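Being a predicted model, the structure only gives us computed values, none of them experimental. Atoms within each ligand, like the ligands themselves, are counted from 1 in listed order. Worth knowing before you read on, the calculation uses all heavy atoms, side chains too, and leaves out hydrogens, waters and symmetry mates.
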Amino acid sequence: MASRDLQEYRRKRDPALTPEPFGGPGQTGGSRFVVHKHSARRLHYDLRLEIDGVLKSWAVPKGPSVRSHEKRLAVHVEDHPLEYAGFEGVIPEGNYGAGPSIVWDAGRFRLVKPEPAREQLERGKLEFELFGFKLRGRWTLARMSGKEREWLLLKKADGYAGETEPIERFPESVLSGLTVEELRDGPKRVETLRKRLVELRAPRAEIAPRGELLMLATLVDEVPSDPAWLFEIKYDGVRVLASRADDHVELRGRSGQVVTSRYPEVTAALRALPLPRFLLDGEIVALDDEGRSSFQRLQERMGLTSPADIERAEAEVPVSVVFFDALGLDGHDVRGVPLEARKECLKLLLPARGVASYGDHVGGHGAEFLAAACERRLEGVVAKRRASPYVAKRSKDWLKIKCQLRQEFVIGGYTTPQGTRAHFGALHLGLYENGELVYVSKVGTGFDDRTLELVSEKLRPLARATSPFARGTPGGRGHHWVEPRLVGEIRFSEWTRDGGIRHPAFLGLRDDKRPEDCVRACAAR
Ligand code: MN
């Protein structure tokens, strides 16, 4: 078996007759995986792993099982080009594999053993860990003795093994949210959604996407307990307003900046959704190995603007988007509709698991929900009034309750590095109080070599001779001052009585927040 062989793939297909992609072998080094659910002559699942610039592929008739050591036949089939990872469509009658095929799961994988994948394949045993939307944890592919194409796929016993089968619980695509039947016959859910929008008397109106449209939550200490509230996870990423008008898709950050080109996997998923017009509110997230949204991991994507850098990072740090609200749906303005009804409509549009997914909520037990979120080391929870309309301002109908204290601070300077450290020692932080920038603290931990370099590159052109702080500037030597234009997110244990912070750690730069919005909001608690 040649390692990069797409001849068999091409021999079986005619580019004039099938919508499937026909790229050549791609760059090596990526680690994507994808599982197609393919309703051909017989329904099956195709597991594909990116190895040596192609997608090594196995057809699994019964699909993957998460029951530990439940063996599933996996027939090794021809290599597919890398572009096939994003292919979803109906292969017309008369072609090889005719029928609908959806991207049932996708993500990245990691080999358990250090030997090159090619060697492990030749030996007939591949152990790997999957980081997908539905399949996670450790898996084994083992060739049956004496066979060439027949392998077995099985789930190793770990925290991700279990009795509830993802193939039953989550039948939809992680791209379009459609099942194979819906891809073939058209989605009935969209008809239901359109009827519902009329019943709800949502007016027909187009909303021009602008950052200032976003509804913002008020930070509080206590979870409300009465039944008027529902509770969502507070996602640790960047807020985004996503709009679509037919093929035109746009992503805007909090302050209105267009960030569409930074997240190509998100825009591809938005185009795949079965509704041509929408304006949705959500959060772009990068998941860590435990499946939690990680702002620190997202830092590796946030600042990238060159397409080559983005393409490289997309393989290592894939992002997804969780939508928790809708402003516009199918040409209707739904901002006046109660939150719970807006979310019911949103749920008809989006899959529970996927690149663009629905952000679910719980109906009560807010305190227990917060405790569970903190236990999982999430950022916190958001409480929302069930009956509230969507308004473009910070509102008391949305409350955020955090597990740890975190806030954005303005960076006004830095100290000379000590010892072996490069670039700077600590950053000087401040907050606005009555229009004046007031010194709060310095932060010297939370940096690695990469962030030290990144931050100092951004500080260098902002240098100025005098402190930008109106009050509280520290005395002594070794201080350097900058124009107060950069915003950093800082985690800390508590506010001190004199307005300082304890145990601060740097989490990352926020280019989606404005310095003048960094105010002393919750110091006096
Ligand atoms: Mn197939």
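- The shortest distance between side-chain heavy atoms of L275 and V190 falls below 4.5 Å.
- A heavy-atom distance below 4.5 Å is found between the side chains of L43 and K37.
- Of all the N, O or S atoms in D46, the one closest to the Mn ion (ligand 1) is OD2.
- Using modelled atom types, one side-chain atom of K402 and one backbone atom of R406 make a donor-acceptor pair closer than 3.5 Å.
- Within the 2.8 Å limit, H36 places no N, O or S atom next to the Mn ion (ligand 1).
- Residues Y9 and Y84 form a side-chain contact, since some pair of their non-hydrogen atoms from C-beta on lies under 4.5 Å apart.
- Nearest to the Mn ion (ligand 1), among the N, O or S atoms that H38 has, is ND1.
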